[in-house]
Amino acid sequence: IVFYLNSVAEHISSEIYTINSDGTGLRRITFCLPAGASACLDPTWSHDGNYIAFRQDMSGSKALIIVTSAGSNAQQLVADGVSEPTWGSP
């Protein structure tokens with residue numbers, strides 16, 4: 001399961017997490033900084049489960065980012081104009 005969670009510890013921030021269907025294995029995937037100026041939203045799994053795509057909103061731009069399912073190797077694919085990421089047909 002992949003989802004985003006809003007946090008209001010010191011500043012409002014949205015981060016991407018994964019968790020197993022039985023509730024174990026919670027893992028934070030993103031560290032969208034600076035808090036309050038950036039949000040990671042709308043995560044979606046790739047068809048093979050190896051990648052997660054999400055939208056990063058920062059200072060008015062809406063970028064498309066992909067990361068591995070472990071949260072490494074982040075790549076920005078589109079710099080602005082993304083509404084909700086989706087994967088095409090396999």
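No hydrogens, no waters, no symmetry mates; every other heavy atom, side chains included, goes into these values. The structure displayed is predicted, hence computed values, not measured ones.
Remark: side-chain polar atoms of Asp22 are paired, donor with acceptor, to backbone N or O of Thr24 under 3.5 angstrom. Looking at Ser14, its side chain never comes within 3.5 Å of a backbone N or O of Tyr4 through a donor-acceptor pair.
Put simply, Val78 and Ile65 are part of two different groups of oily side chains (I, L, V, M, F, W, Y) that touch within less than 4.5 Å, one to the next.
The shortest non-hydrogen separation linking Leu64 to Ala53 is CD1-CB, 4.3 Å. Between Thr44 and Pro85, the shortest heavy-atom contact is CG2-O, 3.6 Å.
Note that the OG atom of Ser46 and the CD1 atom of Ile66 stand 8.5 Å from one another [nearest 0.5 Å]. Within the model, atoms CG of Leu26 and CD1 of Ile19 stand 5.0 Å from one another, a figure rounded to the nearest 0.5 Å. We find the CZ-OG1 distance between Phe54 and Thr30 to be 5.5 Å, quoted to the nearest 0.5 Å. The SG atom of Cys40 sits 12.0 Å away from atom CG of Leu5, with the distance rounded to the nearest 0.5 Å. Put simply, NZ on Lys62 and CZ on Arg55 are 5.5 Å apart, with the number rounded to the nearest 0.5 Å. Separating the CG atom in Leu41 from the CD1 atom in Ile16 is a distance of 6.5 Å, to the nearest 0.5 Å.
Qualifying side chain to side chain donor-acceptor pair (under 3.5 Å) partners for Asp80, counting only residues two or more places apart in sequence or in other chains: none. With sequence neighbours excluded, no residue satisfies side chain to side chain donor-acceptor pair (under 3.5 Å) with Thr18. Ser72 pairs by the side chain to side chain donor-acceptor pair (under 3.5 Å) definition with Thr68, not counting sequence neighbours. Qualifying side chain to side chain contact (heavy atoms under 4.5 Å, CB included) partners for Ser69, counting only residues two or more places apart in sequence or in other chains: Trp45. In this view, Phe3 and Tyr17 satisfy the ring pair (Phe, Tyr, Trp, His ring centres under 6.0 Å) rule, not counting sequence neighbours. Partners of Ser61 by side chain to side chain donor-acceptor pair (under 3.5 Å), not counting sequence neighbours: none found.
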Original post:
Checking side-chain contact (heavy atoms from CB on, under 4.5 Å) for the pair Val67/Ile29: CA distance, chi angles, key distance, verdict?
Top reply: CA-CA 8 Å; Val67 295; Ile29 299 298; 3.7 Å; yes

